[in-house]
Amino acid sequence: MSNDSTNEESAEAETAEASDFLRDQIRADLAAGTYGGRVKTRFPPEPNGYLHIGHAMSICLNFGLAQEFGGECNLRFDDTNPEAESEEFVRAIVEDVEWLGFESSDTIYYASDYFDQMYSWAEDLINKGLAYVDDLDSETMSEMRGGFTTPGQNSPFRERSIEENLDLFRRMKAGEFADGERVLRAKIDMNHENMQMRDPVMYRIRNTPHHRTGDTWAIYPNYDWAHGQEDAIEGVTHSICTLEFDNNRELYDWYQNNIDLPFEKPNQYEFARLNLTHIVTSKRKLAQLVADGVVNGWDDAAMPTIRGVRRRGYPASAIRAFCSHIGVAKTNSVREIELLESFVRDELNATALRRSGVLRPLKVVIDNYPEGQVEMLTAANHPNDESLGVRDVPFTREIYIEREDFEEDPPPKYYRLTVGREVRLRYGYFITATDVVKDAEGNVVEVRATYDPETSGGQAPDGRKVKSTIHWVSASEAVDATVVLYDRLFTDEHPGSGDTDPLDSLNADAKEVLEGAKLEPSMAKIAAGEVVQFERLGYFAHDLDQPMLFHRTVGLRDEWARLQKRKK
RNA sequence: UGGCCGGUAGUUCAAUUGGUGGAACGCCAGAUUUUGAUUCUGGAGGUCGUGGGUUCGAUCCCCGCCCGGCCAACCA
């Protein structure tokens with residue numbers, strides 16, 4: 001069972017009856033025939049970094065909506081700022097979107113493919129007297145923009161003639177000027193109550209090669225001037241972005257209303273981005289984790305990036321189910337990371353094969369079992385799904401059990417092994433602990449036990465019951481593995497809230513590396529990326545690159561641990 | 001400080017489009033169980049931000065206030 005598997009059917013079923021402000025809007029548009037029955041969305045990342053779990057929400061939303069209403073969703077790179085962007089990020093983003101289970105028609109779109117069209121529209125605006133070249137430096141421009149309660153002032157260059165503007169703009173394009181020397185601005189209203197409307201910059205000069213257009217351009221469009229036009233060119237109907245672009249909507253509309261659109265005008269809608277407790281999604285902070293060596297890179301299993309959670313073993317289908325469950329709203333919110341984990345558990349519980357693995361081994365010698373004998377026991381691959389079959393696990397005189405499954409001095413309600421007590425070995429025999437062997441410091445290093453040959457298969461002929469079933473692995477047949485346990489990356493539920501630095505609450509124990517784990521022999525053949533359940537412990541993902549390295553995706557619900565915790 | 005968006009169980013979202021509110025996760029208890037898992041059943045938990053107004057009646061309409069978020073890059 002690969003964690004690369006996707007599940008389109010359930011993705012559709014989950015959203016079938018969903019209703020929210022976006023779906024209501026789309027239904028209304030469909031009913032009114034606004035776009036001739038077309039629904040087209042887009043997911044428009046800037047290729048300047050890796051996608052994180054927060055982006056998954058936007059991806060699921062845009063692609064999901066299109067799928068749900070029989071429309072299309074374009075994967076479009078908003079590559080309008082050559083300084084931060086690269087082909088490496090383009091490749092990574094395409095890969096992540098596909099891994100999440102979404103395929104953009106067959107084309108990938110780029111804002112840079114529309115640079116000529118945008119340029120020509122900009123000249124149109126100049127010709128209409130709606131744009132001008134400004135020579136102000138950025139600080140002065142900022143000062144003259146005014147504030148929330150103070151009006152802005154017109155630039156001294158605002159009233160240049162159309163001819164002069166055209167000439168200057170063409171020379172900007174031709175690369176005659178240095179970076180920052182001039183900009184093209186929309187001529188709107190320097191006293192507008194919406195700051196975005198105070199003569200926003202449309203083009204800036206950047207003598208920087210672009211990862212796709214090379215050095216053919218010396219000017220690059222700003223977000224606002226680019227985005228709506230990209231939407232319009234592609235025939236997008238519903239342009240969905242996050243809440244902070246709310247103020248930009250008015251500008252989005254203004255630009256589109258002042259040029260000749262190839263399609264009906266798209267509309268922008270804003271939703272609340274996905275925030276999760278105990279993580280950060282700020283690119284800067286994430287980059288710092290990488291730079292500081294806290295993690296091994298953007299694809300470290302502890303990272304909240306798409307690549308990170310993939311390595312960690314989160315199934316794409318679980319992420320999709322999570323996104324559709326939480327829905328869309330305009331309320332700023334932070335979801336509990338536990339909710340995401342419950343979706344991961346849910347999916348994995350249904351699909352992951354069960355295996356035996358001992359994380360912290362304690363040797364048990366079964367004195368009355370023949371030395372050198374290897375007996376093959378049959379174990380089910382899944383307790384509730386017979387179609388997943390069975391496999392053989394070897395049983396021998398010496399086995400390993402989990403260190404915490406034996407207590408010399410058991411606390412109340414402890415059901416597991418202790419001297420004099422009988423427990424069941426999962427898929428195997430009943431054993432009774434008879435004695436312990438200790439090292440010089442008095443630590444238990446070995447348990448002596450006897451088994452009841454009559455309990456083969458885990459049932460006693462006399463019907464006697466045991467309080468618990470524990471997992472185990474043959475000492476001689478086991479394979480060695482390294483297992484990494486993960487805790488919250490940040491101890492603070494809302495890292496960086498208030499004026500704190502999120503890195504202040506970085507959890508020093510977020511990763512625990514267990515070197516000497518012992519796994520049942522079948523684990524030697526496991527595929528890269530596969531996720532299994534080590535029974536009674538949790539779900540573990542085989543590393544994508546390094547053999548016999550496992551990441552704990554998420555633990556099982558643990559009543560006993562909860563009980564212990566409550567006592568403190 | 002001005003504009004915009006939001007404020008419903010612990011958390012995140014629904015609903016009633018004026019007739020005292022549901023789900024999921026979490027929590028608690030029980031049943032089943034060869035994973036203290038899964039599954040199933042039940043339970044606790046809400047002055048619907050706040051003060052006023054309209055109304056027979058307001059969580060929903062109106063006004064004020066409070067709280068949170070976003071906006072004054074030649075980033076997106």
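Owing to the predicted nature of the structure, the values given are computational and were not obtained by experimental measurement. Proteins come first, then strands; the chains are lettered A, B, ... in the order of their sequence lines, and each starts at number 1.
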Measuring to OP1 and OP2 of B/G36, would you say a side-chain N or O of A/R426 lies under 4.0 angstrom away? no
Which part of the nucleic acid, if any, lies within reach of A/N349 when heavy atoms closer than 4.0 Å are counted: base, sugar-phosphate only, or nothing? sugar-phosphate
Could you tell me whether the side chains of A/N207 and A/D179 share a donor-acceptor contact shorter than 3.5 Å? yes
Nearest to the side chain of A/E336, heavy atoms from C-beta on, is which of B/A37, B/U11, B/A76? B/U11
A/D346 side-chain proximity, nearest of B/U39, B/C25, B/A73: B/U39
Any strand is fair game: report the nucleotide pairing with B/A76 by Watson-Crick or G-U wobble, both distances under 3.5 Å, or none. none
Using both distances under 3.5 Å as the test, list the Watson-Crick or G-U wobble partner of B/G36, or none. none
If the glycosidic angle sits within 90 degrees of zero it is syn, else anti. Tell me which applies to B/A73. syn
Which one, B/A24, B/A72, B/C75, comes nearest to the side chain of A/H325? B/A24
B/A73 phosphate, OP1 or OP2: any side-chain N/O from A/R185 under 4.0 angstrom? no
Classify the nucleic acid contact of A/V201 as base, sugar-phosphate or nothing, counting any heavy atom under 4.0 Å across all strands shown. sugar-phosphate
Between B/C74, B/A72, B/U35, spot the one nearest the side chain of A/V183, thanks. B/C74
Counting any heavy atom closer than 4.0 Å, what does A/Q533 reach on the DNA or RNA strands: base, sugar-phosphate only, or nothing? base
Please classify the nucleic acid contact of A/Y414 as base, sugar-phosphate, or nothing, using heavy-atom distances under 4.0 Å. base
So, does A/Y114 use its side chain to make a donor-acceptor pair with the main chain of A/E234 at under 3.5 Å? no
Pi-cation contact, A/F177 with A/R182 (under 6.0 Å, within 45°): yes
Under 4.0 Å: is that the gap between some side-chain N or O of A/R273 and OP1 or OP2 of B/C70? no
Give A/Q459 one of three labels, base, sugar-phosphate or nothing, depending on what nucleic acid heavy atoms sit under 4.0 Å from its own. base
State which of B/U1, B/U35, B/U38 makes the closest approach to the side chain of A/P383. B/U35
Considering every strand and a 4.0 Å limit on heavy-atom distances, what is the contact class for A/Y427: base, sugar-phosphate, or nothing? base
Per A/A329 side chain, nearest of listed nucleotides B/A14, B/A76, B/G6: B/A14
Whether the side chain of A/D79 engages the backbone of A/S112 through a donor-acceptor N/O pair (distance < 3.5 Å, no angle test) should be reported. yes
So which nucleotide from B/G3, B/C13, B/G68 ends up closest to the side chain of A/S333? B/C13
Contact class for A/D134 vs. all strands (heavy atom < 4.0 Å): base, sugar-phosphate, or nothing? nothing
I want to check a possible cation-pi pair here: A/R212 against A/Y110, using under 6.0 Å from ring centre and within 45° of the ring axis as the test. yes
Is any side-chain nitrogen or oxygen of A/R335 closer than 4.0 Å to OP1 or OP2 of B/U11? no
Closest to side chain of A/R204, choosing from B/A73, B/C75, B/A72: B/C75
Flag the pair A/Y269 / A/F21 as yes when their ring centroid distance falls below 6.0 Å, and as no otherwise. no
For A/T455 and A/G147, take the nucleotide of RNA chain B holding the closest heavy atom to each; which residue's nucleotide lies nearer the 5' end? A/T455
For B/C27, take OP1 and OP2 only and decide whether either is under 4.0 Å from a side-chain N or O of A/R562. yes
Look at all strands and tell whether A/L136 reaches a base, only sugar-phosphate, or nothing, counting heavy atoms closer than 4.0 Å. base
Would you say A/T80 reaches B/A76's phosphate, i.e. side-chain N/O to OP1/OP2 under 4.0 Å? yes
Name the nucleic acid region contacted by A/S342, choosing base, sugar-phosphate or nothing; use a 4.0 angstrom heavy-atom cut-off, strictly under. sugar-phosphate
Member of A/K187, A/R158, A/R145 meeting the salt bridge (Lys or Arg N to Asp or Glu O under 4.0 Å) criterion with A/D199: A/R158
Any side-chain N or O of A/R557 under 4.0 Å from OP1/OP2 of B/G26? yes
Sugar-phosphate, base or nothing in reach of A/V466, heavy atoms under 4.0 Å: nothing
Nearest listed nucleotide, side chain of A/L339, among B/A24, B/C74, B/U38: B/A24
Just name whichever nucleotide pairs with B/G2, Watson-Crick or G-U, keeping both distances under 3.5 Å, else none. B/C71
Below the 4.0 Å mark, does B/U35 have OP1 or OP2 next to a side-chain nitrogen or oxygen of A/R424? no
Spacing of A/Y252 atom OH and A/Q229 atom CD [to the nearest 0.5 Å]: 8.5 Å
What nucleic acid atoms does A/T331 come within less than 4.0 Å of, heavy atoms only: base, sugar-phosphate, or nothing? sugar-phosphate
Measure distances between side-chain N and O atoms of A/E338 and base N and O atoms of B/U11, and say whether any donor-acceptor pair falls under 3.5 Å. no
Starting the side chain at C-beta, find the nucleotide from B/G69, B/G6, B/A37 nearest to A/N332. B/G69
For a quick check of understanding: with a heavy-atom distance under 4.0 Å over all strands, which category does A/N48 fall into, base, sugar-phosphate or nothing? nothing
Using a heavy-atom cut-off of 4.0 Å across all strands, would you classify A/V423 as base, sugar-phosphate, or nothing? nothing
If you assign each of A/D246 and A/E535 to its closest nucleotide in RNA chain B, which residue comes earlier from the 5' end? A/D246
